[in-house]
Amino acid sequence: MTARVGVVTFPGSLDDKDAARAVRLAGAEPVPLWHAEADLKSVDAVILPGGFSYGDYLRCGAIARFAPLMAELVPAARSGALPVLGICNGFQVLTESGLLPGALIRNSSLRFVNREQALRVESTDTAWTGDYEKAQEILLVLKSGEGNYVADEATLDELESRGRVVARYVGGNPNGSRRGIAGLTNEHGNVVGLVPHPEHAVEALTGPSTDGLGFFTSILTRQVSAAPV
């Protein structure tokens, strides 16, 4: 049975089509989800893509978390039942919604960063990273002005001790993120927030690599392993 992965569109969304294409290339069925409709359409997983501007004048992700769809998504994700991947702005929505700790603020350089970026996969124990190897280095695309992850030291220590850091920057810290954190997961491993864009690294023709595809194929692998025998 083909996995159905919902891709949410907010006003001003830019990367929802790219995310849908990545889902399709991975072998799953992308299902469009509109932010104003409180209906998850019985999808197996959800992607909150980056690149939108809905409410960013207040604070990135601050308004989007109040979208009607989020009223359905948040409790399902918090229970551990629904895999959710938040990319860039989508990561910000996850922190604003309380699904992930900490916050994303302006880059330490106060400049928008647009570059190819190497990451090290720190955890493969999530719904979105199971197809990688631990400590594997991958090359994705980073494009953000508010990718600087911050949290208090106690929270950072807990994230580290519980293996909830999903990815870390390699070859320098491009935005000032605490401890070089590029991605996090929740305690269940079903929710992942990632600053760089895996959906822009799924084809050799258009991306710096195909390393991002693993985030999308991992959901299929998880679905197969969880299927009753």
Side-chain angles (χ1 to χ4, degrees), residues 7-8 10-16 19 35 45-80 82-108 112-113 119 122-123 126-129 140 142-169 173-199 215:
V7 179
V8 181
F10 292 95
S13 282
L14 172 65
D15 295 322
D16 50 343
H35 77 111
V46 173
I47 296 173
L48 299 174
F52 57 86
S53 58
Y54 183 46
D56 283 2
Y57 57 85
L58 175 62
R59 189 173 65 251
C60 290
I63 298 298
R65 71 187 177 100
F66 293 112
L69 183 72
M70 295 300 293
E72 300 294 311
L73 183 148
V74 170
R78 184 169 286 134
S79 72
L82 181 68
V84 178
L85 174 63
I87 304 169
C88 200
N89 284 65
F91 188 176
Q92 292 160 336
V93 175
L94 293 177
T95 60
E96 291 286 344
S97 301
L99 289 173
L100 290 176
L104 291 160
I105 63 173
R106 287 293 302 274
N107 295 340
S108 57
F112 188 92
V113 176
L119 304 179
E122 301 282 21
S123 173
T126 82
W128 300 93
T129 56
L140 302 184
L142 178 66
K143 52 170 194 172
S144 63
E146 293 86 12
N148 183 355
Y149 179 75
V150 297
D152 61 76
E153 289 300 314
T155 297
L156 292 171
D157 288 342
E158 182 178 4
L159 292 172
E160 300 270 16
S161 66
R162 295 185 178 275
R164 289 175 55 186
V165 176
V166 169
R168 226 181 287 267
Y169 296 112
N173 190 327
N175 48 33
S177 287
R178 302 304 187 268
R179 304 191 189 182
I181 292 173
L184 293 177
T185 188
N186 66 341
E187 61 272 21
H188 299 297
N190 63 303
V191 176
V192 167
L194 187 70
V195 177
H197 291 255
E199 76 278 17
F215 282 92

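Positions are given from 1 along the sequence.
Under the 4.0 Å criterion applied to side-chain N and carboxylate O atoms, E160 and R168 are assigned as salt-bridge partners. Salt-bridge annotation for D157 and R162: absent, with no side-chain N of the basic residue lying under 4.0 Å from a carboxylate O of the acidic one. A salt bridge does not link R78 to E187: none of the charged nitrogens lies less than 4.0 Å from a carboxylate oxygen.
Contact check for V84 versus L73: side-chain heavy atoms found under the 4.5 Å cut-off. Side-chain contact between L100 and N186: present, with at least one pair of heavy atoms (C-beta onward) separated by less than 4.5 Å. Between V195 and L104, some side-chain heavy-atom pair lies under the 4.5 Å cut-off. Residues S123 and V165 form no side-chain contact, since every pair of their non-hydrogen atoms from C-beta on lies 4.5 Å or further apart. A 4.5 Å side-chain heavy-atom check between T185 and T129 finds every atom pair outside the cut-off. Taking 4.5 Å as the limit, every side-chain heavy atom of L156 sits out of range of all side-chain heavy atoms of D152. Side chains of P83 and V191 form no contact here, defined as non-hydrogen atoms less than 4.5 Å apart. In this structure the side chain of L184 reaches within 4.5 angstrom of the side chain of Y149, judged on heavy atoms.
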Could you go through H197 and L142, starting from their C-alpha distance and side-chain angles, then the distance that decides it, and tell me whether this counts as side chain to side chain contact (heavy atoms under 4.5 Å, CB included)? CA-CA 6 Å; H197 291 255; L142 178 66; over 6 Å; no
Residues V8, I47; criterion side chain to side chain contact (heavy atoms under 4.5 Å, CB included); working and verdict: CA-CA 6 Å; V8 181; I47 296 173; over 6 Å; no
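Applying the side-chain contact (heavy atoms from CB on, under 4.5 Å) test to I105 and every residue at least two apart in sequence or in another chain returns N148, V150.
Side chain of Q92 to main chain of E146: a donor-acceptor pair is present (N/O by atom type, distance under 3.5 Å, no hydrogens or angles). With hydrogens and angles ignored, the 3.5 Å screen pairs no side-chain donor or acceptor of D15 with any backbone N or O of P49.
What you find for G102 and T95 is that their closest heavy atoms are O-CB, 3.5 Å. P196 and I87 make their closest contact through O-CG2, 3.6 Å (heavy atoms, listed as atom of the first residue, atom of the second, distance). Nearest heavy-atom pair, P75 versus M70, reported as atom, atom and distance to 0.1 Å: CD-O, 4.2 Å. The two residues N173 and S177 make their nearest non-hydrogen contact at ND2-O, 2.8 Å. For L140 against F215, the heavy-atom pair with the smallest separation is CD1-CE1, 4.2 Å. Heavy-atom minimum distance, G147 versus Y169: O-OH, 4.2 Å.
Screening L99, L85, L194 for a side chain to side chain contact (heavy atoms under 4.5 Å, CB included) with L94, the sole residue that qualifies is L99.
Remark: F112 CZ to S144 OG distance equals 6.0 Å, nearest 0.5 Å. Rounding to the nearest 0.5 Å gives a distance of 8.0 Å between CG of L48 and CG of L69.
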